[in-house]
Structure formats: C-alpha cells, structure tokens
2 protein chains.
Amino acid sequence: MRASAICCSLDPVALDALSRLGRKIHVLAGQTLVWEGDESILVGNVLAGMLKLSTVTGDGREQIVGIVYPSDFIGRPFGRDSHHSVTALTDASLCVFGRSAFDRFAHEHGEVEHALLARTLVELDRARHWMLLLGRKSACERVASLILEMSARLNAEQEIALPLSRQQMADVLGLTIETVSRSLTKLKHAGIISLPGTRRLTIDAPDKLKRIADG
Amino acid sequence: MRASAICCSLDPVALDALSRLGRKIHVLAGQTLVWEGDESILVGNVLAGMLKLSTVTGDGREQIVGIVYPSDFIGRPFGRDSHHSVTALTDASLCVFGRSAFDRFAHEHGEVEHALLARTLVELDRARHWMLLLGRKSACERVASLILEMSARLNAEQEIALPLSRQQMADVLGLTIETVSRSLTKLKHAGIISLPGTRRLTIDAPDKLKRIADG
DNA sequence: CGGTGGGTTGAGAACTATCAAATCGAGTGG
DNA sequence: CCACTCGATTTGATAGTTCTCAACCCACCG
C-alpha cells in the first residue's frame, strides 16, 4: 500500500492516519464489489489482480467501460452513487476506505486530491480514446487495439497471458464473442499474432498490428 | 467569470489573482482552439457557446468524444499534450489561462483542485456512460439518447434548437449522416418527435423516447 | 433563376450479429 | 492413464443493420 500512488506523496503522520482508515480485502474472480446504481460506499486502490467496470442497457446488454489494473484507483469519491458495477476479473486484493471517511481525509490533504485529480484526468483521456474505438473502428481494428493496450499495461514481453475471456474481450470492444474469435483468427492467419493456447497470445509483427489498430 | 464553478469557491484575493492570469477570448463557429496531439497550452472555461472535443483515426474517421457547454472546463491541466482537438460548434466566448500558470495556481489553491476534481469525475462518468451507447446501442437508441441528453443539458422546454448538424450528430453517435437521418424520420413516423425545421425538434412522447433510449 | 450546401431517400454492398454445430481443453472419476 | 463431461472457443450458414454511393429535394443566396 505504501507504494500505491494515492498515498505516495504523504508525510509519515498523514500516511499513518490514512492507513488507519483503510483495510485490506480480498475478492475472488467473479465477485462484484459495487453494483451499478448503488450508493457509492467504498473507494480504494487495487493491490493485485484485475477488475472491470461495467454498465448494462435496460434489456441486459453489457458494456465494460474500464479495466482496472494493480495500483489503479476504484470507486467514486464525492458522489452519491456509482454509475457502474465493479467486478473482479481475477482474484484480487485491494486496500479500501469508506467513501465518506476518505472524502474527508482527501479534503484535508491536498496532496491526495492532487494525486486523485491526476489519475482521474488520465482515466478520462483513456475513456475518450476508447470512444474512438467504439464509435469508429472495425472489429479487427478493435481487437488489434485491445491486444496492444493489454500488452502495454501488463508490460508484457512478446507473449501475453490474456486476463480476459473472449466474452469479456467482446464486452470491452462492443462486439460479440464470435466476431472477436473471427478477428483473432484473421490476425493469426495474417501471421501477425499466434495463439499458443486459448489464454495465451504472442505478437509476431508489432508494427503491422499497430498499423491495423490505428485505422 | 465570477459565476463559473472553477473559481466560485475562492476568496476575493485569490479570485483577483486568478483573474489576472486569465483573459477572455472569442472564437467563431468552426475555429479550432487546440489540435489533437499538440502541446496542451490553454485551459479555461466556457462562458457562452458550445464546443466539441474530437479525435480521428489514422485514416481520418472522426469521433466526437465530448460536447462542452457553458460553464464547462476545457483543456488538460497537468499534462504534456492534449489527446483531442477542441473546436467551436457555435460562436463562443471563453475565459482562458496559460496551462502552466494555471497549474501553479491550482496547486497553491486546494479549492480549485477540488472543484476541478469534482468536474473531472462527472465528466468521466459521462464518458463511460457514452461508451455503453457506442458499444451496445442500435442507431435508433443512440439518436433517442442524444435527443434526451441535449434536451437535459440545454434545459430545453418541449422544443429544442438543435446545436448540432446531422454530421456532428453522426460524429457523436458513431454513425453516418444517413443513418442519423433515417433514425430521425423513423422516430417522427412513430409520432415520438416532430421536426418542424432542419434545426428544430420537439419531443412529443418523452416516455416512449426514454424507453427507446434506455434499450 | 441557377448554384450551393445541408438534408433526405433509395438500392445494393459490406460488416457484424445470430443461431447452430463442431471442436477444444481442463478437470473428473473410473 | 484414459474416457468422459462441461464450458469455452471456433467455425459455418444466414439474417439484419448499417454503410456506401447515388439521386433527389429544399432553403438560401447571389
């Protein structure tokens, strides 16, 4: 927790106070921490594992609106309710705070608000960039973009251990599972990637992949 | 400017200092203030008029990733470069600051950072909500959602003076101009809206429109 | 009165979704 | 160790939406 970005700028006394507010929790893959529309009670940051942020339409179509990696922040400070669900994709551990206590603490410690603002601005840039993908890119371009994004955020070598199932990839990309699968095999047949296993992937031609991803 | 949310919590001395940093500018419809990828030099808030935030793919497909209304904040504090262009949709006037000067000021005035954080969190929620639309909704559902959103943000009565051309609506919704037009006429024939003119629209059956928009 | 730019409408092509079947893979129990 | 099973993934065939290209309409303007 000491290494996480939200508290890294605090002096020892404040850090101690903050750590008294928080507690460490573990969740299993598939568990949902926060439900869309619920009151926002928890905030915190991820120590290990990955989670998804998702929303659904009235008739149940799901869209993943964000993927949360270790050291990322989750939850909605300064707001009544959460606009999306938070669900563990893998087993995960987090350091969480009660929202109102965290809000008060942040309000008294400008460094925390500053760090949170910096992160939120980065997340907003990322979300808007993803809107380009969802609004304007073809299936193949979307899959290529996702592969590159995961590769970057997991700082993977050539081979990536995919953290997402095909269904989850589809939910991030706004596609169906079949279309994701077909796009992957198309990239495979083009010699750009290999799929040594259903959850393993290697990038064989990074430059070609980038060209496809960028449209 | 005194009414804009970024500075509304400042004491008179700080407010005076901030107003010395800023200047008021006017832009004409169509003018671009910031280009995607350029260094982020300006920040500020909108006094009157509307602007769009947009990005393009490598081959020129455009996606509008945000619409900026009066009193909204534009620009990217605390970051090297802007990830999207900022272009006026209508004639507009803004109160702008040099980014580095604003960054310094904000860093010294927690209230400003707090206000900025609150706004950024709201924008992030909005962007993620729009991702659901782009990833999972049909053309008609998207158009219905946009009509309701504009109606809400312009606090319009029954009749809305559309601030967007068909092309701009298409760029917000991730559709083509023809599909937007067809969806509008479909809603018109269903008796849900009327189109008294090309830039005027009335909502005749708000409940039905909501049901369609929510999927 | 003809041009111009935005908007609408139509026909066909392209892409993605849907439905169905085949295949693969990991875990299970014999 | 091997057949078996269940869920996940891939593949195939077909249908549906949206895009593309083209024509047309209309209001506005010189």
Can you list, in residue-number order, the parts of residues 180-200 of chain A that come under 4.0 Å of DNA chain D, counting heavy atoms only? A:S181, A:R182, A:T185, A:T198
Assess whether a salt bridge exists between B:R99 and B:D103, defined as any Lys/Arg side-chain N lying under 4.0 Å from an Asp/Glu carboxylate O. yes
Of all residues at least two apart in sequence or in a different chain, which pass the side chain to side chain contact (heavy atoms under 4.5 Å, CB included) check with A:A144? A:L209, A:I212, A:A213
Does a side-chain N-to-carboxylate-O contact under 4.0 Å join A:R136 and B:E62? no
Please confirm whether the backbone N or O of A:A161 pairs with a side-chain atom of A:R200, one donor and one acceptor, at under 3.5 Å? no
Could you give the CD1-to-P distance, from A:I177 to D:dT11, as a whole number of Å? 13 Å
Distance check needed: D:dA8 C1' versus A:L162 CG, whole Å only. 14 Å
Full working for ring-ring contact (aromatic ring centres under 6.0 Å, His included) between B:F102 and B:F73: CA-CA 13 Å; B:F102 181 83; B:F73 189 84; 5.6 Å; yes
Step-by-step side chain to side chain contact (heavy atoms under 4.5 Å, CB included) determination, B:R80 to B:S40: CA-CA 6 Å; B:R80 291 145 301 290; B:S40 167; over 6 Å; no
Does the distance from a Lys or Arg side-chain N to an Asp or Glu carboxylate O, for A:R128 and A:E123, drop under 4.0 Å? no
B:R211 meets the side chain to side chain donor-acceptor pair (under 3.5 Å) criterion, sequence neighbours left out, with none
In the 5'-to-3' direction, what one-character label does each nucleotide of nucleotides 22-30 of chain D receive under the scheme B = base within less than 4.0 Å of a protein heavy atom, S = sugar-phosphate only, - = no such atom? ---------
How long is the line joining CG of A:L164 and C1' of D:dA8, in whole Å? 15 Å
Answer yes or no: does atom CZ of B:R199 have more than 12 heavy-atom neighbours from other residues, nucleotides or ligands under 6.0 Å? yes
Salt bridge A:K52-A:D171, side-chain N to carboxylate O under 4.0 Å: no
Note: contacts of residues 131-146 of chain B with DNA chain D (heavy atom, under 4.0 Å) are B:S138, B:A139
Earliest and latest nucleotide of DNA chain C, 5' to 3', sitting under 4.0 Å from a non-hydrogen atom of chain B? C:dG7 to C:dA11
By nearest-nucleotide position on DNA chain C, the 5'-leaning member of B:T179 and A:G174 is B:T179
Between the side chain of A:D72 and the main-chain N/O of A:Y69, is any donor-acceptor distance below 3.5 Å? yes
The single option from B:V46, B:I67, B:T90 that satisfies side chain to side chain contact (heavy atoms under 4.5 Å, CB included) with B:L51 is B:V46
Could you tell me which non-hydrogen atom of B:M50 sits nearest to which non-hydrogen atom of B:P163, and how far apart they are? SD-CB, 3.6 Å
